[in-house]
S.K.: 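One structure follows; several queries about it will come next.
Quick note: residue numbers are just sequence positions, from 1.
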Amino acid sequence: MSGKLELEYEGEMQGARRVVRELVSAAAGLTFEHLVRDADCESIVEYFESGGVMQVSEDAAAAACVEGFGQVPGLLEVTELVGLAPKDASAGLKAAACEVVLEGLVANRKISRMLGGGYRAAKS
């Protein structure tokens, strides 16, 4: 990945973490537009707009992440509906699918991403 970063961002004074975060966000946004765009994500957005937050630790087990994502109304259902993670998928796939949906909502400015891996309502 660092070779790709050097080719894409040669000469820019951004940290590697920021560059990677931007690349992941852009990819999630495109995936979201392609797969999730027509799905009803309103209950997910409403959760964050009503004060809900979601914190995802970098070293949390996939099962723990899925349990946390389950607290966000409609999130797991959207991943199943659009085919990102079927109901019988592994915890790892479900967690990744939830992250794609959340990152897609961030890319579309429906919710915000906090430093440290959390999600919250979009900044006004």
S.K.: Output the distance between atom CD (E77) and atom NZ (K87), rounded to the nearest 0.5 Å.
M.R.: 7.5 Å
S.K.: Check V78 against C41 and note the closest heavy-atom contact, atom names and distance.
M.R.: CG1-SG, 4.2 Å
S.K.: In a check of side chain to side chain contact (heavy atoms under 4.5 Å, CB included) between V101 and each of V82, L75, V72, L35, which one passes?
M.R.: L75
S.K.: Considering non-hydrogen atoms only, spot the tightest contact between P86 and L93 and give its length.
M.R.: CD-CD2, 4.3 Å
S.K.: According to a 4.5 Å side-chain heavy-atom criterion applied to Ile, Leu, Val, Met, Phe, Trp and Tyr, with indirect links allowed, do V106 and L23 form part of one hydrophobic cluster?
M.R.: no
S.K.: Show the nearest heavy-atom pair for residues R109 and A122, with the distance to one decimal.
M.R.: O-CB, 3.6 Å
S.K.: Can you tell if the side chain of V36 reaches within under 4.5 Å of the side chain of L84, non-hydrogen atoms only?
M.R.: yes
S.K.: Using every non-hydrogen atom in the two residues, find where A62 and A95 come nearest and quote the distance to one decimal.
M.R.: O-CB, 4.2 Å
S.K.: Could you measure the distance from the CG atom of L76 to the CD1 atom of I44? Nearest 0.5 Å is fine.
M.R.: 9.0 Å
S.K.: Identify, with sequence neighbours excluded, every residue that meets side chain to side chain donor-acceptor pair (under 3.5 Å) alongside S90.
M.R.: none
S.K.: Does some side-chain heavy atom of V66 sit less than 4.5 Å from a side-chain heavy atom of C98?
M.R.: no
S.K.: If you compare all heavy atoms of M114 against all heavy atoms of Y119, which two are closest, and at what distance to 0.1 Å?
M.R.: CE-N, 3.7 Å
S.K.: Go through the structure and list residues passing salt bridge (charged side-chain N to carboxylate O under 4.0 Å, His left out) with E99, not counting sequence neighbours.
M.R.: none
S.K.: Supply the atom-to-atom distance I111 CD1 to K123 NZ, rounded to the nearest 0.5 angstrom.
M.R.: 13.0 Å
S.K.: Check for a donor-acceptor pair, side chain of K110 on one end and backbone N or O of L102 on the other, with a separation under 3.5 Å.
M.R.: no
S.K.: Apart from V53 itself, which Ile, Leu, Val, Met, Phe, Trp or Tyr residues share its cluster (side-chain heavy atoms under 4.5 Å, direct or through members)?
M.R.: none
S.K.: Taking atom CD of E33 as the centre, report whether more than 12 heavy atoms of other residues, nucleotides or ligands fall under 6.0 Å from it.
M.R.: yes
S.K.: Using every non-hydrogen atom in the two residues, find where A107 and S25 come nearest and quote the distance to one decimal.
M.R.: CB-O, 4.0 Å
S.K.: Can you find a pair of side-chain heavy atoms, one from F32 and one from E103, that are under 4.5 Å apart?
M.R.: no
